[in-house]
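Here the structure is a predicted model, which is why all the values come from computation and not from measurement. Sequence lines set the chain letters: A, B, ... in the order given, protein chains first and strands last, and positions in each chain run from 1.
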There are 2 protein chains.
Amino acid sequence: MDLKPLQHFLSLAETLHFGRASAACHISPSTLSRSIQQLEDKLGVSLFKRDNRSVNLTSEGIKFEKYAREALVQWSAIRNELMAESKELKGEISVYCSVTASYSFLYDILRRFRHRYPSIEIKLHTGDPDSAIDLVTSGKEDIAISARPDQLPTEIRFHSIGLSPLVFIGPASGEIETPQSLNDWSRTPMILSEKGIGRKRVDRWFTAKSVKPRIYAQVAGNEAIVSMVSLGLGIGVVPQIVLDNSPLSDKVQILDIKPWLAAYDVGLCVLEKKLKSPLIQAFWELL
Amino acid sequence: MDLKPLQHFLSLAETLHFGRASAACHISPSTLSRSIQQLEDKLGVSLFKRDNRSVNLTSEGIKFEKYAREALVQWSAIRNELMAESKELKGEISVYCSVTASYSFLYDILRRFRHRYPSIEIKLHTGDPDSAIDLVTSGKEDIAISARPDQLPTEIRFHSIGLSPLVFIGPASGEIETPQSLNDWSRTPMILSEKGIGRKRVDRWFTAKSVKPRIYAQVAGNEAIVSMVSLGLGIGVVPQIVLDNSPLSDKVQILDIKPWLAAYDVGLCVLEKKLKSPLIQAFWELL
DNA sequence: CAGGTTATTGCGTAAAATGATATATTTGCA
DNA sequence: TGCAAATATATCATTTTACGCAATAACCTG
């Protein structure tokens, strides 16, 4: 029972473009090409009319599209029906994320999942966001919430759930002026993550501006940055989502500094292999 | 798009017996066992309740049975619809059989096929029935009509279309008496195939009876046997189907000689591999 | 006609399926 | 109770299939 070819077909029918469709399916163009060819062989008709520059559904392809959608819906339906009946998808899923994420993104997801699969236990672990990918890769956690790293390991599947701008913040009191000139920058004390995606982006930003920042403190955890900035120790860089969920958000202000830093692409990570497990797959399909 | 697991499931749901179900699917029991396990993994529920002695559908299995049937029907339907629309399943299929078979069994099959797929050309070759299996195995012919040999090559799929008794015949004039005693047998001239399944069965029959027959002629082709017998040269052994289609059938008579020879199991042969081809598959599914 | 884009195809590698054999557990019968 | 038969599953070696990279060929655009 393998319905991947149907998904491939539908993806290609939507995009009419092998490159984009294959990317959407997380496969290579050649695999997609052959997947379609096999379908066509089994059906005995060609589903797409394609020259080297364009792709279009044939009349048979249009008919098959209906079938493919229905077939996938029905499979999904029987799957859910059976799972629902034996409410025993007993087991547990471990989820790792930062404290902030547990307040914001995670809440809705877990509520839905809990409602749908009440017998599945979720073990929630919070900690350093920068460890998230490693913990998933090594299999210590099933799922993690993390910002998408610049290059995603191939064995990781990522599902974006939102963008959060990376913003400069200063104390609300205004006791530290927004830096303008290069000179300002070299005088203003900075409070930065000691590592991680955010730190890398900030470093690149400074390099592009040819500024050597005066680093006052390097800390672990965005929440700590907010604390220190609110105390007037310097200006910092945090994802806006952290501010939205911080009790100190009225003690700091977002600074209008350009160019903007590239936003965080926050989403869920899971090991590709684990998507075969019914539990993990059930979770993933709720997204 | 692989629906084999569904067929496996349905087969097991019918028989509730791994051995018989796997035989029906032309796979080994272990393959069937794993096929079911994989389905259950994907669904997250168990479809059969089985101890080491019995197999039974679970309540989920019963629901899934409905789904499986429908899914197969729908797949078959879209397949036929698409094929029918593009009446171009253009291509050709080569069929090999004996002259007799071309008169009897083949007629109905070809008529249905021609009606369903008018654009497929059928190349019909007639010849020695004993070569049929070899021609299919070597790929020289797509499909052949043949009696099922005592042991079928594993790569050949056989579909029975009828039994034809293997009968002793003598001249209608009665000028040759039906042999009774061992002595009679050693005096009566026999006209036999020089090789082939029929000849083997006859040889075994004589061996079991401890008779050494007096062989008058060994010929190629059952039609030739009928001719010689009708001329009164001896008694022979042919499949009854040959008589039914022979213009000489009133010149010979069937002799009441016991024990009966095992009947021919006549059917179609195809190379397992070729069933993947849409043309061959279309033909095969009409049976 | 040149340059870039894009579906397809060869090919080497990795993963999966398959069937023969072995194992464990249960049932039937003595 | 103990022995034998039956049978679903596990293991392993082999074959088959899938996958992605890189190269190819065909086509559009300027």
Mind calculating the distance between [atom1] ([X]) and [atom2] ([N]) to the nearest angstrom?
X: F48(B); N: dT9(D); atom1: CZ; atom2: P; answer: 10 Å
X: K273(B); N: dT16(D); atom1: NZ; atom2: P; answer: 7 Å
X: Q37(B); N: dA10(D); atom1: CD; atom2: C1'; answer: 9 Å
X: I36(B); N: dA10(D); atom1: CD1; atom2: P; answer: 14 Å
X: H17(B); N: dA6(D); atom1: NE2; atom2: P; answer: 10 Å
X: R34(A); N: dT17(D); atom1: CZ; atom2: P; answer: 14 Å
X: H8(A); N: dA18(D); atom1: NE2; atom2: C1'; answer: 11 Å
X: I27(A); N: dC21(D); atom1: CD1; atom2: P; answer: 12 Å

* **Salt bridge flag under 4.0 Å for residues E285(B) and R116(B)** => no

* Could you tell me whether K200(A) and D130(A) make a salt bridge, using a distance below 4.0 angstrom between a side-chain N and a carboxylate O? => no

* Report which part of the nucleic acid L32(A) touches: base, sugar-phosphate, or nothing (heavy-atom distance under 4.0 Å, all strands). => nothing

* Asked: Distance only, no hydrogens: is a donor on one side chain within 3.5 Å (strictly under) of an acceptor on the other, for Q7(A) and S11(A)?
  -> no

* Asked: How do H26(A) and D51(A) order along DNA chain D: which one's closest nucleotide is nearer the 5' end?
  -> H26(A)

* Asked: S30(B) or S35(A): which one's nearest nucleotide on DNA chain D is closer to the 5' end?
  -> S30(B)

* Measure up the F113(B) and F283(B) rings against each other and bin them: parallel (under 30°), tilted (30 to 60°), perpendicular (over 60°). => tilted

* Asked: Which word best sums up how the rings of H159(A) and W284(A) line up, parallel for under 30°, tilted for 30 to 60°, or perpendicular for over 60°?
  -> perpendicular

[N] phosphate, OP1 or OP2: any side-chain N/O from [X] under 4.0 angstrom?
X: K276(B); N: dT16(D); value: no
X: R50(B); N: dT7(D); value: no
X: Q38(A); N: dT17(D); value: no

* Asked: On a plain distance test, is the side chain of S54(A) in donor-acceptor contact with the base of dC28(D) below 3.5 Å?
  -> no

* Please tell me which of P29(A) and R53(A) maps to the more 5' nucleotide of DNA chain C, matching each residue to the nucleotide holding its nearest heavy atom. => R53(A)

* Asked: Is any side-chain heavy atom of R79(B) closer than 4.5 Å to a side-chain heavy atom of M83(B)?
  -> yes

* To do: Give me the first and last nucleotide of DNA chain C, going 5' to 3', that has any atom under 4.0 Å from a heavy atom of chain A.
  => dG4(C) to dA16(C)

* **Shortest non-hydrogen contact between A68(A) and F9(A), atoms and distance** => CB-CD2, 4.0 Å

